[in-house]
There are 2 protein chains.
Amino acid sequence: MPNPQPSGDGSVAKAPTIKEVAAAAGVSVATVSRALNASGAVHGTTSAKVLAVARQLGFRPNLMGRNLRATRTRTLGVMLPTLNHPVFAECLQGIETQAQSHQQVIAVSTTGYQVDAEERASERLLQQRVDGLILTVADAAHSSVLDKLDAEGVPYVLVFNQPGGTQPSLAARPFVSVDNFLAGRQMVEHLLSLGHQRVHMLAGQFQQSDRSLQRFLGYQAAMSAAGLTWSQPLEVPFTTCDMRSELQDLLGRRSPPTALFCSNDQLAMTVIRDLRDLGLRVPEQVSVAGFDGVQVGEWLSPVLTTVVQPTAEIGRAAVDLLLQLIAGERYLGPALLHHTLRLGGTASQRAQQHQAGSVPPP
Amino acid sequence: MPNPQPSGDGSVAKAPTIKEVAAAAGVSVATVSRALNASGAVHGTTSAKVLAVARQLGFRPNLMGRNLRATRTRTLGVMLPTLNHPVFAECLQGIETQAQSHQQVIAVSTTGYQVDAEERASERLLQQRVDGLILTVADAAHSSVLDKLDAEGVPYVLVFNQPGGTQPSLAARPFVSVDNFLAGRQMVEHLLSLGHQRVHMLAGQFQQSDRSLQRFLGYQAAMSAAGLTWSQPLEVPFTTCDMRSELQDLLGRRSPPTALFCSNDQLAMTVIRDLRDLGLRVPEQVSVAGFDGVQVGEWLSPVLTTVVQPTAEIGRAAVDLLLQLIAGERYLGPALLHHTLRLGGTASQRAQQHQAGSVPPP
DNA sequence: GTGAAAGCGCTAACAA
DNA sequence: TTGTTAGCGCTTTCAC
C-alpha cells in the first residue's frame with residue numbers, strides 16, 4: 001500500500017511532492033517532471049525508476065502548482081439558473097461527460113435566474129481562473145456578465161440563450177441552442193392544424209428568459225400567418241407551483257382558449273395537473289403543449305406533447321465549441337441544433353364546442 | 001471601465017496581479033494583500049487607496065496563487081452517479097446552494113455507477129486538492145475509493161449511501177441519508193394495510209446501489225412480520241427504459257403480485273407507463289409505489305405513491321457535515337434525515353379479484 | 001540526458 | 001503601519 005499512511009492520531013502524512021519523489025529516486029525535480037509528463041527526453045531507465053518511485057510513494061501531482069505555472073487550469077466554469085429543472089440538469093450531465101472525455105474539469109454554479117447571482121458567480125469562477133465558461137443568463141441581449149466576459153476576452157459559450165433571436169448575426173455572442181422561434185412557431189402550427197383557433201401562451205418571465213420570448217414570437221408569427229389574433233402571454237415566475245387561479249381566470253373568459261402553449265415542460269406539466277384538479281380533461285377539453293422534451297414528459301399519460309430539444313447534445317456541443325474558442329480558433333457562428341416535435345397525447349383535435357365559454361367558437 | 005481592455009486584435013491584456021496593484025498604489029504587495037483581505041493592520045488611508053486602485057485596475061485575485069500558498073482550496077468535490085436522475089440533480093442543487101453560502105466552490109464529476117469511473121474521478125478531484133468530497137458510491141461497504149480516502153485522511157461525506165445498513169456504527173463512514181430500511185418497510189406496510197398480500201419488489205441492481213438493497217431488506221422485514229412470503233426482487237439495470245417484457249412475465253404468473261414496490265421513482269414511473277401500455281390500469285389492477293419523492297412524481301395523475309426523501313436537504317446537510325470534518329471536528333455519527341410517505345394515487349386498496357392470475361388470492 | 005534556478009500569484013513570518 | 005522575503009508545487013528555460 002502506498003504511503004502516506006494516516007498517522008493513527010487522526011492527522012495525516014502530507015501528500016508527497018515532486019521534490020520528495022526526486023529525492024527518493026535520486027534525480028532532480030526537473031527529471032521527475034519530465035518523466036511524469038513524458039515531456040522532454042528522459043532515459044528509459046531513469047523514467048522507469050521515477051515512475052516506480054512515484055507510484056510507490058503514492059505521488060499525486062498538485063494541479064494548483066501545475067496550473068499556476070501554466071496559467072491555465074483545464075477547468076470549465078458552468079453557470080446555470082437551476083439544477084432543479086431537468087433540462088439544465090440533463091445539459092449539465094452532457095457537459096460533464098464531454099468535459100471528462102477531454103480531460104477537463106468543471107466548476108458549477110447556479111444563479112436562480114438572478115442577475116446579481118450571475119454577477120457573483122461569474123466573478124468567483126473567474127477568480128478560479130477557469131479557462132472558459134458555459135452559461136445560461138437571464139437576458140443575453142443585456143447582460144453585464146457577458147459584457148464583462150467580452151471586455152476581458154474570456155472565452156464563453158451560451159447554452160439555451162439565443163441572443164439575436166431570429167437573426168443571430170455571425171459576429172454575435174457564441175451560443176448553442178435550438179431555433180426557439182422556429183420551434184415555437186411549428187408547435188403552434190401543429191395546434192392550429194388540430195383545429196384550434198384560440199391558442200393562448202403561458203410563458204416564463206421574458207425578463208428572466210429570452211428563449212421564452214423567442215418562443216412567444218414564434219407563437220405570434222404562427223397565429224398571424226393563420227390570420228388569427230394572438231393574445232398577450234401569461235407570464236409565470238419560475239417559482240410558481242400552482243396555476244389554478246390563473247387558469248380559472250383564463251378559461252372563465254367569454255372566448256376561452258382551447259389550447260395552451262407553455263414555454264417549458266415544467267410549466268406544461270403543472271398546468272395539466274392543475275387543469276385536472278379543476279375538473280377539466282386534457283386533452284379532451286383543453287389541449288396543452290410544452291417545450292423542452294424532458295424525459296419525464298414521456299412518463300405522463302398521455303405523453304406530453306412538446307418540442308424536444310437535444311438537451312445533452314447541447315451541453316456536449318457547448319464543450320466542443322468552448323474548447324475551440326479556448327484554443328484560439330475563430331468563432332464561426334452559433335450551433336443551432338435540431339429540435340423535433342413530440343406529438344404526444346396532451347394536445348388533440350379541437351372539440352366541436354368548448355365547455356367553458358358561453359360564446360361558441362367562430 | 002476597468003482595465004484590462006481587449007487589445008482589439010483578439011488577444012487580451014493579462015489580468016493584473018497583486019504586484020501591479022502594489023506598483024500602481026505605491027505600496028508593497030504585502031500591504032495590498034492585507035488591505036484586500038482585511039488581515040493585519042493597514043492604515044485607513046492606505047487601504048482605501050489600495051482598494052481604489054485595485055478596482056480601477058479590475059484586479060481579480062488569482063485563487064491558484066492563494067490556494068497554493070494556503071494548501072487549501074475552499075473547493076468541495078462532488079461525485080455522483082448521474083445528473084439525469086432528478087434525485088441527484090436536486091441534491092446537487094442543495095449542495096451548490098449551501099456551498100455557495102459558505103463561500104465554497106464545487107467541482108462536479110459523474111460516474112455512471114461505474115467503479116472504474118469512480119476511481120478516475122476521485123483521483124482527478126484529489127489532484128485538484130479539493131478540501132473534501134461529497135459522494136455517492138456504488139457500494140459503500142466495499143469501495144476502493146472510500147478505502148483510499150480513509151487511508152489518506154481526506155474528509156468526505158456520503159450521500160444516499162447508507163453503509164452499515166440497519167446498524168450504522170458510530171465509528172463508520174460519515175453519511176447523510178434517510179433510513180432506507182425503515183422507509184422501505186413502512187411503504188410495504190402501507191401496501192399491506194391496503195389489503196395487498198402478494199407484493200413484489202423491483203429494484204436497482206444491488207451491486208450498484210446499496211440503498212436499493214436496504215429498501216429490499218425493509219420489504220423483506222415487512223413481509224415476514226406480516227407472515228407473508230417475500231419474493232426475490234427483480235433487479236433492473238439503471239439504464240433500462242422499457243420494462244414491458246419483464247412485467248408481462250411477472251404478472252403472467254399463476255399468483256401474480258397485486259402491488260409493486262419499486263426502489264426508485266424513475267423505475268416506478270417507467271413501470272406505470274409500461275403497465276398502462278400493456279392495458280393494465282394503475283392502481284385499479286396493479287398498485288405501484290416508488291421511492292425518492294422527486295418533484296415530477298407530483299405531476300403524474302394520479303400522483304405517485306412514494307417515499308419522499310428530503311433530497312436538497314440531504315445535500316445541504318452533507319455540506320455542513322463535510323465542512324465540520326474539514327475544520328477538524330470529530331465525527332459524531334451520521335445524519336439520518338426524516339422521510340415521509342406520500343400516499344398518492346398509484347397504490348390503492350387491493351381489488352377483490354386480480355384479473356391476471358388464474359389462482360384466486362388466498 | 002540531466003540539473004540548477006527562475007518564477008507562476010499569493011500569503012505570512014519577520015524586520016523595520 | 002509597512003516592507004522584505006521565503007516558499008506553496010510545479011514546469012521550463014538554460015547550462016552542462
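Just so you know, these numbers use all the heavy atoms, side chains as well, and skip hydrogens, waters and symmetry mates. Labels below follow one simple rule: chain letters A, B, ... track the order of the sequence lines, proteins then strands, and each chain is numbered from 1.
- Axis deviation across the helix from C:dG1-D:dC16 to C:dA16-D:dT1 amounts to 40°, comparing end segments of five pairs, rounded to 10 degrees.
- Residue pairs meeting the ring pair (Phe, Tyr, Trp, His ring centres under 6.0 Å) criterion with at least one partner in residues 128-158 of chain B, sequence neighbours excluded, are absent.
- Sorted by first then second residue, the ring pair (Phe, Tyr, Trp, His ring centres under 6.0 Å) pairs that include residues 98-131 of chain B, not counting sequence neighbours, are B:Tyr113-B:Phe238.
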One character per nucleotide, please: for nucleotides 8-16 of chain D, 5' to 3', B when the base has a protein heavy atom closer than 4.0 Å, S when only the sugar-phosphate does, - otherwise. BBBBBB---
Can I get a per-line list of side-chain donor-acceptor pairs under 3.5 Å for residues 74-83 of chain A, giving both atom names and the distance, sequence neighbours left out?
unit_1: A:Thr75; atom_1: OG1; unit_2: A:Thr73; atom_2: O; d: 3.2
unit_1: A:Thr82; atom_1: OG1; unit_2: A:Asn84; atom_2: N; d: 2.9
unit_1: A:Thr82; atom_1: OG1; unit_2: B:Gln93; atom_2: OE1; d: 3.4

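- Residues passing the side-chain contact (heavy atoms from CB on, under 4.5 Å) test with A:Ala312, sequence neighbours excluded: A:Arg316.
- Residue pairs meeting the ring pair (Phe, Tyr, Trp, His ring centres under 6.0 Å) criterion with at least one partner in residues 14-41 of chain A, sequence neighbours excluded, do not occur; the list is empty.
- For the side-chain contact (heavy atoms from CB on, under 4.5 Å) test, residues two or more places apart in sequence or in another chain that qualify with B:Ala54 are B:Val21, B:Leu36, B:Phe59.
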Would you list the atom pairs, donor with acceptor, under 3.5 Å between side chains in residues 40-49 of chain A and any protein atom, with sequence neighbours excluded?
unit_1: A:His43; atom_1: NE2; unit_2: A:Thr45; atom_2: OG1; d: 3.1

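- The salt bridge (Lys or Arg N to Asp or Glu O under 4.0 Å) test applied to B:Arg120 returns B:Asp116, not counting sequence neighbours.
- The salt bridge (charged side-chain N to carboxylate O under 4.0 Å, His left out) analysis of residues 19-47 of chain A, with sequence neighbours excluded, yields the pairs A:Lys14-A:Glu20.
- On the nucleic acid side, DNA chain C has its first and last nucleotide under 4.0 Å of a heavy atom of chain A at C:dG1 to C:dG9, going 5' to 3'.
- Distance check, rounded to the nearest 0.5 Å: CZ of B:Arg124 to CD of A:Gln103 gives 8.0 Å.
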